[in-house]
Peer 1: 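Below: one structure in C-alpha coordinates.
Naming: A, B, ... by sequence-line order, numbering from 1 per chain. Model, not experiment: these values are computed from the prediction.
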Protein chains: 2
Amino acid sequence: MIILHSFWLSLATYRVRIALNLKGVAFEERTHDLTQGHQNTAAFRAVNPAGAVPALEGATPEPLTQSLAILEWLEETHPTPALLPADAAGRAKVRAMFLITAADTHPLVVPRVRAQLKKRFGADDDAGVEWAAHWFREGLAAYEALLPDGATRCHGQTLSIADLALASHLIGAKRFNVSLDEYPRVAHVSASIMQIPEIAAAHPDLQIDAPQIQETVGTGPS
Amino acid sequence: MIILHSFWLSLATYRVRIALNLKGVAFEERTHDLTQGHQNTAAFRAVNPAGAVPALEGATPEPLTQSLAILEWLEETHPTPALLPADAAGRAKVRAMFLITAADTHPLVVPRVRAQLKKRFGADDDAGVEWAAHWFREGLAAYEALLPDGATRCHGQTLSIADLALASHLIGAKRFNVSLDEYPRVAHVSASIMQIPEIAAAHPDLQIDAPQIQETVGTGPS
(Lines give C-alpha, C1' and ligand atoms only; values in the text may rest on other atoms or scores of the structure.)
Protein backbone atom coordinates (compact mmCIF):
# COMPACT_ATOMS: atom_id res chain seq x y z
CA MET A 1 0.00 0.00 0.00
CA ILE A 2 1.16 3.49 -0.82
CA ILE A 3 1.21 5.83 2.17
CA LEU A 4 0.87 9.58 1.77
CA HIS A 5 2.42 11.34 4.75
CA SER A 6 0.32 14.44 5.15
CA PHE A 7 -1.05 17.29 7.21
CA TRP A 8 -4.45 18.72 6.43
CA LEU A 9 -3.20 22.32 6.07
CA SER A 10 -0.32 21.37 3.78
CA LEU A 11 -0.83 22.85 0.33
CA ALA A 12 1.98 20.76 -1.16
CA THR A 13 0.29 17.60 0.11
CA TYR A 14 -3.00 18.83 -1.35
CA ARG A 15 -1.41 18.99 -4.82
CA VAL A 16 -0.26 15.38 -4.54
CA ARG A 17 -3.59 14.21 -3.07
CA ILE A 18 -5.42 15.63 -6.09
CA ALA A 19 -3.13 13.78 -8.51
CA LEU A 20 -3.55 10.49 -6.64
CA ASN A 21 -7.34 10.96 -6.80
CA LEU A 22 -7.30 11.81 -10.52
CA LYS A 23 -5.08 8.89 -11.43
CA GLY A 24 -7.03 6.46 -9.27
CA VAL A 25 -4.03 5.41 -7.21
CA ALA A 26 -5.03 3.62 -3.99
CA PHE A 27 -3.33 5.19 -0.97
CA GLU A 28 -3.65 5.66 2.75
CA GLU A 29 -2.85 8.88 4.52
CA ARG A 30 -0.74 9.08 7.63
CA THR A 31 -1.23 12.48 9.21
CA HIS A 32 1.36 14.45 11.17
CA ASP A 33 0.43 17.54 13.17
CA LEU A 34 3.07 20.02 12.03
CA THR A 35 1.81 22.58 14.53
CA GLN A 36 2.85 20.15 17.28
CA GLY A 37 6.26 19.41 15.77
CA HIS A 38 5.40 15.84 14.86
CA GLN A 39 7.51 16.21 11.70
CA ASN A 40 10.54 16.21 13.98
CA THR A 41 10.03 12.79 15.52
CA ALA A 42 12.74 10.22 14.82
CA ALA A 43 10.15 8.01 13.12
CA PHE A 44 9.18 10.71 10.65
CA ARG A 45 12.74 11.92 10.09
CA ALA A 46 13.50 8.35 9.00
CA VAL A 47 10.88 8.81 6.30
CA ASN A 48 12.00 12.32 5.30
CA PRO A 49 15.19 13.74 6.82
CA ALA A 50 13.95 17.23 5.89
CA GLY A 51 10.92 16.79 8.16
CA ALA A 52 8.44 17.97 5.54
CA VAL A 53 5.23 16.67 4.03
CA PRO A 54 4.25 15.35 1.59
CA ALA A 55 6.26 12.15 1.49
CA LEU A 56 5.05 9.17 -0.50
CA GLU A 57 6.15 5.86 0.99
CA GLY A 58 5.82 2.29 -0.20
CA ALA A 59 6.06 2.65 -3.96
CA THR A 60 9.84 3.09 -4.26
CA PRO A 61 12.89 1.89 -2.31
CA GLU A 62 13.14 5.30 -0.64
CA PRO A 63 10.17 7.54 0.16
CA LEU A 64 9.53 10.28 -2.41
CA THR A 65 9.50 13.92 -1.34
CA GLN A 66 8.78 17.38 -2.82
CA SER A 67 5.41 17.77 -4.52
CA LEU A 68 6.74 18.38 -8.03
CA ALA A 69 9.11 15.40 -7.88
CA ILE A 70 6.25 13.20 -6.66
CA LEU A 71 3.92 14.47 -9.40
CA GLU A 72 6.53 13.82 -12.12
CA TRP A 73 7.02 10.31 -10.73
CA LEU A 74 3.25 9.72 -10.76
CA GLU A 75 3.07 10.96 -14.34
CA GLU A 76 5.80 8.53 -15.41
CA THR A 77 4.41 5.52 -13.57
CA HIS A 78 0.65 6.21 -13.78
CA PRO A 79 0.32 8.13 -17.04
CA THR A 80 -3.50 8.13 -17.28
CA PRO A 81 -5.04 10.64 -17.19
CA ALA A 82 -2.08 12.73 -18.32
CA LEU A 83 -1.38 15.80 -16.21
CA LEU A 84 1.31 17.10 -18.57
CA PRO A 85 0.72 18.12 -22.21
CA ALA A 86 1.90 15.91 -25.06
CA ASP A 87 4.37 18.46 -26.49
CA ALA A 88 7.66 19.51 -24.94
CA ALA A 89 6.94 23.24 -25.14
CA GLY A 90 3.57 22.73 -23.49
CA ARG A 91 5.16 20.69 -20.73
CA ALA A 92 7.71 23.46 -20.14
CA LYS A 93 4.92 26.03 -19.92
CA VAL A 94 2.93 23.94 -17.47
CA ARG A 95 5.96 23.24 -15.29
CA ALA A 96 6.81 26.95 -15.23
CA MET A 97 3.25 27.75 -14.15
CA PHE A 98 3.50 25.08 -11.45
CA LEU A 99 6.65 26.76 -10.13
CA ILE A 100 4.92 30.16 -9.75
CA THR A 101 3.33 28.54 -6.72
CA ALA A 102 5.79 25.85 -5.75
CA ALA A 103 8.96 27.97 -6.00
CA ASP A 104 8.02 31.66 -6.11
CA THR A 105 5.19 31.74 -3.57
CA HIS A 106 4.68 28.79 -1.32
CA PRO A 107 8.24 28.52 0.12
CA LEU A 108 7.96 32.15 1.27
CA VAL A 109 4.93 31.61 3.46
CA VAL A 110 5.43 28.27 5.19
CA PRO A 111 5.55 28.20 8.99
CA ARG A 112 9.34 27.84 9.21
CA VAL A 113 9.73 31.10 7.28
CA ARG A 114 7.15 32.99 9.30
CA ALA A 115 8.85 31.69 12.45
CA GLN A 116 12.11 33.24 11.23
CA LEU A 117 10.34 36.52 10.48
CA LYS A 118 9.10 36.57 14.05
CA LYS A 119 12.43 35.59 15.56
CA ARG A 120 14.62 37.91 13.51
CA PHE A 121 12.38 40.89 12.86
CA GLY A 122 9.71 40.65 15.54
CA ALA A 123 7.00 40.14 12.94
CA ASP A 124 3.73 39.61 14.82
CA ASP A 125 0.88 37.46 13.53
CA ASP A 126 -0.69 40.33 11.58
CA ALA A 127 2.61 41.11 9.88
CA GLY A 128 3.04 37.43 9.07
CA VAL A 129 -0.41 37.29 7.50
CA GLU A 130 0.24 40.43 5.45
CA TRP A 131 3.61 39.03 4.35
CA ALA A 132 1.92 35.86 3.11
CA ALA A 133 -0.91 37.79 1.46
CA HIS A 134 1.64 39.89 -0.45
CA TRP A 135 3.27 36.85 -2.03
CA PHE A 136 -0.04 35.21 -2.86
CA ARG A 137 -1.08 38.45 -4.63
CA GLU A 138 2.22 38.45 -6.55
CA GLY A 139 1.58 34.88 -7.64
CA LEU A 140 -2.00 35.65 -8.66
CA ALA A 141 -0.74 38.54 -10.78
CA ALA A 142 1.75 36.19 -12.47
CA TYR A 143 -1.01 33.68 -13.30
CA GLU A 144 -3.33 36.48 -14.47
CA ALA A 145 -0.65 37.69 -16.92
CA LEU A 146 -0.29 34.21 -18.42
CA LEU A 147 -3.94 33.17 -18.73
CA PRO A 148 -5.97 33.97 -21.85
CA ASP A 149 -9.42 35.50 -21.49
CA GLY A 150 -12.10 32.88 -20.94
CA ALA A 151 -9.70 30.10 -20.03
CA THR A 152 -11.04 27.30 -17.85
CA ARG A 153 -7.65 25.60 -17.44
CA CYS A 154 -4.14 27.00 -16.99
CA HIS A 155 -2.99 25.57 -20.31
CA GLY A 156 -5.24 24.55 -23.18
CA GLN A 157 -8.42 22.59 -22.47
CA THR A 158 -6.96 19.84 -20.34
CA LEU A 159 -6.26 19.67 -16.64
CA SER A 160 -2.54 19.71 -15.83
CA ILE A 161 -0.22 19.99 -12.86
CA ALA A 162 -0.39 23.77 -13.38
CA ASP A 163 -4.05 23.62 -12.37
CA LEU A 164 -3.13 21.59 -9.29
CA ALA A 165 -0.65 24.30 -8.32
CA LEU A 166 -3.19 27.05 -8.98
CA ALA A 167 -5.79 25.20 -6.89
CA SER A 168 -3.36 25.15 -3.97
CA HIS A 169 -2.52 28.79 -4.57
CA LEU A 170 -6.23 29.68 -4.43
CA ILE A 171 -6.69 27.91 -1.12
CA GLY A 172 -3.64 29.68 0.29
CA ALA A 173 -4.86 33.05 -0.98
CA LYS A 174 -8.28 32.53 0.60
CA ARG A 175 -6.68 31.50 3.87
CA PHE A 176 -4.94 34.88 3.97
CA ASN A 177 -8.03 36.86 2.93
CA VAL A 178 -6.74 37.71 -0.54
CA SER A 179 -9.61 38.54 -2.88
CA LEU A 180 -9.69 37.42 -6.51
CA ASP A 181 -11.45 40.63 -7.59
CA GLU A 182 -8.35 41.96 -9.36
CA TYR A 183 -7.66 38.65 -11.09
CA PRO A 184 -10.72 37.88 -13.25
CA ARG A 185 -9.00 35.32 -15.48
CA VAL A 186 -7.76 33.43 -12.43
CA ALA A 187 -11.26 33.61 -10.94
CA HIS A 188 -12.68 32.14 -14.17
CA VAL A 189 -10.30 29.18 -14.06
CA SER A 190 -10.99 28.77 -10.35
CA ALA A 191 -14.77 28.57 -10.87
CA SER A 192 -14.17 25.66 -13.22
CA ILE A 193 -11.41 23.60 -11.66
CA MET A 194 -12.45 23.78 -8.01
CA GLN A 195 -15.69 21.94 -8.89
CA ILE A 196 -13.90 18.89 -10.26
CA PRO A 197 -14.78 16.05 -7.84
CA GLU A 198 -11.21 14.80 -7.39
CA ILE A 199 -10.07 18.34 -6.58
CA ALA A 200 -13.01 19.13 -4.33
CA ALA A 201 -12.53 15.91 -2.35
CA ALA A 202 -8.86 16.71 -1.76
CA HIS A 203 -9.64 20.04 -0.04
CA PRO A 204 -7.71 20.54 3.21
CA ASP A 205 -10.88 21.25 5.20
CA LEU A 206 -12.28 17.81 4.34
CA GLN A 207 -9.31 15.80 5.57
CA ILE A 208 -9.55 13.53 8.61
CA ASP A 209 -7.14 15.61 10.70
CA ALA A 210 -8.87 18.93 9.95
CA PRO A 211 -10.58 20.47 12.97
CA GLN A 212 -14.37 20.18 13.00
CA ILE A 213 -14.84 23.93 13.33
CA GLN A 214 -12.63 25.80 10.92
CA GLU A 215 -10.62 28.74 12.20
CA THR A 216 -7.79 28.75 9.75
CA VAL A 217 -7.21 32.35 8.70
CA GLY A 218 -3.64 33.17 9.46
CA THR A 219 -2.85 29.66 10.62
CA GLY A 220 -1.27 28.27 7.51
CA PRO A 221 -0.39 27.20 4.98
CA SER A 222 2.08 24.51 5.84
CA MET B 1 19.75 31.02 -32.55
CA ILE B 2 18.77 30.29 -28.97
CA ILE B 3 19.03 33.30 -26.68
CA LEU B 4 19.57 32.91 -22.96
CA HIS B 5 18.33 36.00 -21.15
CA SER B 6 20.61 36.30 -18.18
CA PHE B 7 22.28 38.31 -15.46
CA TRP B 8 25.70 37.31 -14.22
CA LEU B 9 24.66 37.07 -10.55
CA SER B 10 21.59 34.96 -11.30
CA LEU B 11 21.98 31.49 -9.80
CA ALA B 12 18.97 30.15 -11.70
CA THR B 13 20.54 31.28 -14.98
CA TYR B 14 23.79 29.63 -13.92
CA ARG B 15 22.02 26.27 -13.60
CA VAL B 16 20.68 26.59 -17.14
CA ARG B 17 24.01 27.83 -18.53
CA ILE B 18 25.74 24.72 -17.20
CA ALA B 19 23.20 22.43 -18.87
CA LEU B 20 23.54 24.25 -22.21
CA ASN B 21 27.32 23.85 -21.94
CA LEU B 22 27.11 20.16 -21.06
CA LYS B 23 24.66 19.35 -23.84
CA GLY B 24 26.59 21.36 -26.39
CA VAL B 25 23.66 23.60 -27.29
CA ALA B 26 24.74 26.74 -29.17
CA PHE B 27 23.34 29.88 -27.55
CA GLU B 28 23.91 33.59 -27.14
CA GLU B 29 23.42 35.43 -23.91
CA ARG B 30 21.50 38.66 -23.63
CA THR B 31 22.27 40.25 -20.29
CA HIS B 32 19.94 42.38 -18.18
CA ASP B 33 21.17 44.33 -15.18
CA LEU B 34 18.64 43.36 -12.54
CA THR B 35 20.21 45.83 -10.09
CA GLN B 36 19.17 48.60 -12.50
CA GLY B 37 15.64 47.30 -13.00
CA HIS B 38 16.22 46.29 -16.61
CA GLN B 39 13.96 43.28 -16.07
CA ASN B 40 11.08 45.74 -15.92
CA THR B 41 11.46 47.21 -19.39
CA ALA B 42 8.57 46.64 -21.77
CA ALA B 43 10.92 44.77 -24.10
CA PHE B 44 11.90 42.28 -21.44
CA ARG B 45 8.39 41.94 -20.01
CA ALA B 46 7.35 40.87 -23.51
CA VAL B 47 9.84 38.00 -23.16
CA ASN B 48 8.87 37.12 -19.59
CA PRO B 49 5.87 38.84 -18.00
CA ALA B 50 7.25 37.86 -14.60
CA GLY B 51 10.37 39.94 -15.23
CA ALA B 52 12.75 37.20 -14.17
CA VAL B 53 15.78 35.49 -15.64
CA PRO B 54 16.55 32.99 -16.99
CA ALA B 55 14.35 32.98 -20.07
CA LEU B 56 15.24 30.89 -23.10
CA GLU B 57 14.04 32.41 -26.35
CA GLY B 58 14.07 31.16 -29.92
CA ALA B 59 13.63 27.44 -29.48
CA THR B 60 9.90 27.36 -28.82
CA PRO B 61 6.89 29.48 -29.85
CA GLU B 62 6.95 31.21 -26.45
CA PRO B 63 10.10 31.84 -24.40
CA LEU B 64 10.74 29.26 -21.69
CA THR B 65 11.04 30.36 -18.07
CA GLN B 66 11.88 28.87 -14.65
CA SER B 67 15.16 26.99 -14.42
CA LEU B 68 13.66 23.56 -13.70
CA ALA B 69 11.12 23.83 -16.54
CA ILE B 70 13.93 24.85 -18.92
CA LEU B 71 16.14 21.98 -17.75
CA GLU B 72 13.35 19.43 -18.21
CA TRP B 73 12.74 20.80 -21.70
CA LEU B 74 16.45 20.54 -22.51
CA GLU B 75 16.49 16.98 -21.22
CA GLU B 76 13.57 16.04 -23.47
CA THR B 77 14.88 17.77 -26.59
CA HIS B 78 18.65 17.33 -26.12
CA PRO B 79 18.90 14.07 -24.18
CA THR B 80 22.68 13.61 -24.41
CA PRO B 81 24.39 13.62 -21.98
CA ALA B 82 21.50 12.70 -19.72
CA LEU B 83 21.11 14.88 -16.64
CA LEU B 84 18.38 12.70 -15.16
CA PRO B 85 18.79 9.05 -14.12
CA ALA B 86 17.32 6.25 -16.22
CA ASP B 87 14.94 4.99 -13.51
CA ALA B 88 11.81 6.76 -12.29
CA ALA B 89 12.74 6.54 -8.60
CA GLY B 90 16.18 7.98 -9.35
CA ARG B 91 14.62 10.81 -11.31
CA ALA B 92 12.30 11.59 -8.41
CA LYS B 93 15.25 11.65 -6.00
CA VAL B 94 17.25 13.97 -8.25
CA ARG B 95 14.31 16.32 -8.79
CA ALA B 96 13.69 16.45 -5.04
CA MET B 97 17.35 17.33 -4.47
CA PHE B 98 17.10 20.02 -7.15
CA LEU B 99 14.14 21.55 -5.31
CA ILE B 100 16.08 21.86 -2.03
CA THR B 101 17.77 24.77 -3.76
CA ALA B 102 15.20 25.86 -6.31
CA ALA B 103 12.17 25.82 -4.01
CA ASP B 104 13.31 25.67 -0.39
CA THR B 105 16.28 28.04 -0.51
CA HIS B 106 16.74 30.25 -3.51
CA PRO B 107 13.27 31.90 -3.59
CA LEU B 108 13.84 33.05 0.00
CA VAL B 109 16.96 35.06 -0.76
CA VAL B 110 16.36 36.78 -4.09
CA PRO B 111 16.47 40.59 -4.20
CA ARG B 112 12.68 41.03 -4.33
CA VAL B 113 12.36 39.16 -1.04
CA ARG B 114 15.18 41.04 0.66
CA ALA B 115 13.60 44.28 -0.56
CA GLN B 116 10.38 43.28 1.21
CA LEU B 117 12.29 42.44 4.39
CA LYS B 118 13.76 45.94 4.31
CA LYS B 119 10.45 47.65 3.51
CA ARG B 120 8.29 45.75 5.99
CA PHE B 121 10.66 44.98 8.83
CA GLY B 122 13.47 47.49 8.40
CA ALA B 123 15.99 44.72 7.76
CA ASP B 124 19.34 46.39 7.02
CA ASP B 125 21.97 44.91 4.72
CA ASP B 126 23.58 42.90 7.52
CA ALA B 127 20.24 41.42 8.50
CA GLY B 128 19.54 40.60 4.87
CA VAL B 129 22.88 38.81 4.56
CA GLU B 130 22.29 36.84 7.75
CA TRP B 131 18.77 35.93 6.57
CA ALA B 132 20.19 34.56 3.32
CA ALA B 133 23.03 32.76 5.09
CA HIS B 134 20.51 31.06 7.37
CA TRP B 135 18.60 29.53 4.46
CA PHE B 136 21.76 28.47 2.64
CA ARG B 137 22.87 26.67 5.81
CA GLU B 138 19.48 24.96 6.05
CA GLY B 139 19.83 23.81 2.47
CA LEU B 140 23.37 22.58 3.03
CA ALA B 141 22.17 20.56 6.01
CA ALA B 142 19.44 19.02 3.84
CA TYR B 143 22.00 17.98 1.21
CA GLU B 144 24.41 16.71 3.86
CA ALA B 145 21.68 14.43 5.27
CA LEU B 146 21.01 12.93 1.84
CA LEU B 147 24.56 12.38 0.59
CA PRO B 148 26.45 9.16 1.28
CA ASP B 149 30.01 9.32 2.60
CA GLY B 150 32.55 9.69 -0.15
CA ALA B 151 30.04 10.72 -2.81
CA THR B 152 31.34 12.78 -5.72
CA ARG B 153 27.89 13.37 -7.21
CA CYS B 154 24.49 14.06 -5.63
CA HIS B 155 23.07 10.79 -6.95
CA GLY B 156 25.08 7.78 -8.05
CA GLN B 157 28.17 8.27 -10.20
CA THR B 158 26.68 10.46 -12.88
CA LEU B 159 26.19 14.20 -13.06
CA SER B 160 22.54 15.23 -12.81
CA ILE B 161 20.42 18.34 -12.44
CA ALA B 162 20.78 17.84 -8.66
CA ASP B 163 24.47 18.64 -9.06
CA LEU B 164 23.63 21.75 -11.05
CA ALA B 165 21.38 22.89 -8.22
CA LEU B 166 24.03 22.09 -5.62
CA ALA B 167 26.64 24.01 -7.64
CA SER B 168 24.39 27.08 -7.60
CA HIS B 169 23.74 26.56 -3.90
CA LEU B 170 27.49 26.47 -3.24
CA ILE B 171 28.04 29.75 -5.06
CA GLY B 172 25.20 31.36 -3.15
CA ALA B 173 26.54 30.04 0.16
CA LYS B 174 30.00 31.41 -0.58
CA ARG B 175 28.54 34.77 -1.56
CA PHE B 176 27.00 35.02 1.91
CA ASN B 177 30.14 33.80 3.73
CA VAL B 178 28.71 30.42 4.69
CA SER B 179 31.49 27.92 5.37
CA LEU B 180 31.29 24.27 4.31
CA ASP B 181 33.17 23.11 7.43
CA GLU B 182 30.06 21.56 8.95
CA TYR B 183 29.06 19.85 5.71
CA PRO B 184 31.92 17.49 4.81
CA ARG B 185 29.93 15.35 2.38
CA VAL B 186 28.76 18.45 0.53
CA ALA B 187 32.35 19.72 0.47
CA HIS B 188 33.48 16.40 -1.02
CA VAL B 189 30.94 16.63 -3.85
CA SER B 190 31.84 20.28 -4.35
CA ALA B 191 35.54 19.53 -4.76
CA SER B 192 34.66 17.18 -7.60
CA ILE B 193 31.86 18.90 -9.51
CA MET B 194 33.13 22.47 -9.45
CA GLN B 195 36.19 21.37 -11.46
CA ILE B 196 34.14 20.09 -14.39
CA PRO B 197 34.99 22.41 -17.32
CA GLU B 198 31.38 23.07 -18.35
CA ILE B 199 30.51 23.97 -14.75
CA ALA B 200 33.63 26.07 -14.17
CA ALA B 201 33.06 28.04 -17.39
CA ALA B 202 29.49 28.86 -16.38
CA HIS B 203 30.57 30.54 -13.13
CA PRO B 204 28.87 33.91 -12.55
CA ASP B 205 32.20 35.71 -12.06
CA LEU B 206 33.33 34.73 -15.57
CA GLN B 207 30.32 36.14 -17.42
CA ILE B 208 30.61 39.14 -19.71
CA ASP B 209 28.46 41.38 -17.53
CA ALA B 210 30.33 40.56 -14.32
CA PRO B 211 32.32 43.48 -12.89
CA GLN B 212 36.07 43.24 -13.42
CA ILE B 213 36.80 43.57 -9.73
CA GLN B 214 34.56 41.31 -7.68
CA GLU B 215 32.81 42.75 -4.68
CA THR B 216 29.86 40.47 -4.47
CA VAL B 217 29.42 39.50 -0.83
CA GLY B 218 25.95 40.49 0.19
CA THR B 219 25.02 41.68 -3.28
CA GLY B 220 23.15 38.67 -4.51
CA PRO B 221 22.09 36.19 -5.50
CA SER B 222 19.51 37.13 -8.05
Side-chain angles (χ1 to χ4, degrees), chain A residues 12 45 48-52 55-56 59-77 84 87-100 102-108 110 112-113 116-117 120-123 127 130-131 134-135 138 141-142 144-146, chain B residues 12 45 48-52 55-56 59-77 84 87-100 102-108 110 112-113 116-117 120-123 127 130-131 134-135 138 141-142 144-146:
Chain A
R45 290 277 169 167
N48 183 6
L56 196 70
T60 47
E62 293 178 54
L64 304 177
T65 64
Q66 293 276 3
S67 69
L68 181 54
I70 296 172
L71 291 172
E72 295 274 3
W73 177 86
L74 276 171
E75 192 70 7
E76 294 176 357
T77 57
L84 285 171
D87 62 307
R91 284 192 292 276
K93 178 84 179 288
V94 159
R95 286 170 174 137
M97 293 183 89
F98 187 94
L99 290 162
I100 291 172
D104 293 345
T105 307
H106 194 172
L108 300 170
V110 292
R112 68 192 179 105
V113 171
Q116 284 293 318
L117 293 176
R120 291 171 183 271
F121 306 119
E130 186 39 47
W131 167 269
H134 170 80
W135 297 113
E138 292 281 303
E144 188 74 9
L146 292 171
Chain B
R45 290 277 169 167
N48 183 6
L56 197 70
T60 47
E62 292 178 56
L64 304 177
T65 63
Q66 293 276 3
S67 69
L68 181 54
I70 296 172
L71 292 171
E72 296 273 3
W73 178 86
L74 276 171
E75 191 70 7
E76 294 176 359
T77 57
L84 285 172
D87 62 306
R91 284 192 293 276
K93 178 84 179 286
V94 159
R95 286 169 174 139
M97 293 183 89
F98 187 94
L99 291 161
I100 291 171
D104 293 346
T105 307
H106 194 172
L108 299 170
V110 293
R112 68 191 180 106
V113 171
Q116 284 293 319
L117 293 176
R120 290 171 183 272
F121 307 118
E130 185 40 46
W131 167 269
H134 170 79
W135 298 112
E138 292 281 303
E144 187 74 9
L146 291 171

Peer 1: Would you mind checking which part of B:A50 comes under 4.5 Å of any heavy atom in chain A, side chain (CB onward), backbone (N, CA, C, O), both or neither?
Peer 2: neither
Peer 1: Among the options B:T77, B:L71, B:V113, B:L64, pick out the one with the most heavy-atom pairs lying under 4.5 Å from chain A.
Peer 2: B:V113
Peer 1: Please give me the minimum heavy-atom distance between A:A89 and B:W73, naming the atom from each residue.
Peer 2: N-CD1, 4.2 Å
Peer 1: Looking at CG of A:L74 and OG of A:S67, how far apart are the two atoms once the value is rounded to the nearest 0.5 Å?
Peer 2: 11.0 Å
Peer 1: Nearest 0.5 Å, please: how far is NE2 in B:H106 from CG in A:D104?
Peer 2: 10.0 Å
Peer 1: Where on A:L108 is there a heavy atom nearer than 4.5 Å to chain B: the side chain, the backbone, both, or neither?
Peer 2: both
Peer 1: Between B:R91 and A:E72, does at least one N-O distance fall below 4.0 Å, as a salt bridge requires?
Peer 2: no
Peer 1: Assess the residue pair B:L68 and B:L99 against the criterion (side-chain contact (heavy atoms from CB on, under 4.5 Å)); give the C-alpha distance rounded to whole Å, side-chain angles, the decisive distance to 0.1 Å, and a yes or no.
Peer 2: CA-CA 9 Å; B:L68 181 54; B:L99 291 161; 3.9 Å; yes
Peer 1: Is it the backbone or the side chain of A:W135 that comes under 4.5 Å from a heavy atom of chain B, or both, or neither?
Peer 2: side chain
Peer 1: Measuring heavy-atom distances to chain B, does A:T65 have an atom under 4.5 Å in its side chain, in its backbone, in both, or in neither?
Peer 2: both
Peer 1: Should A:R95 and B:E76 count as an ion pair when the cut-off is N to O under 4.0 Å?
Peer 2: yes
Peer 1: Treating B:T105 as the side-chain partner and B:I100 as the backbone partner, does any N or O pair qualify as donor plus acceptor under 3.5 Å?
Peer 2: yes
Peer 1: Count the heavy-atom pairs under 4.5 Å between each of A:L117, A:L146, A:V94 and chain B, then report the option with the highest count.
Peer 2: A:L117
Peer 1: Sort A:A88 into side chain, backbone, both or neither according to what part of it lies under 4.5 angstrom from a heavy atom of chain B.
Peer 2: both
Peer 1: Chain B heavy atoms under 4.5 Å from A:Q116: which part of the residue, side chain, backbone, both or neither?
Peer 2: both
Peer 1: Taking every non-hydrogen pair under 4.5 Å, which of A:A127, A:A52, A:A59, A:A96 racks up the most with chain B?
Peer 2: A:A96
Peer 1: Using non-hydrogen atoms only, which part of A:A142 is less than 4.5 Å away from chain B: side chain, backbone, both, or neither?
Peer 2: neither
Peer 1: Is A:E130 close to chain B through its backbone or its side chain, or both, or neither, when contacts mean heavy atoms under 4.5 Å?
Peer 2: both
Peer 1: CD of B:E62 to CG of B:N48: how many Å apart, nearest 0.5 Å?
Peer 2: 10.5 Å
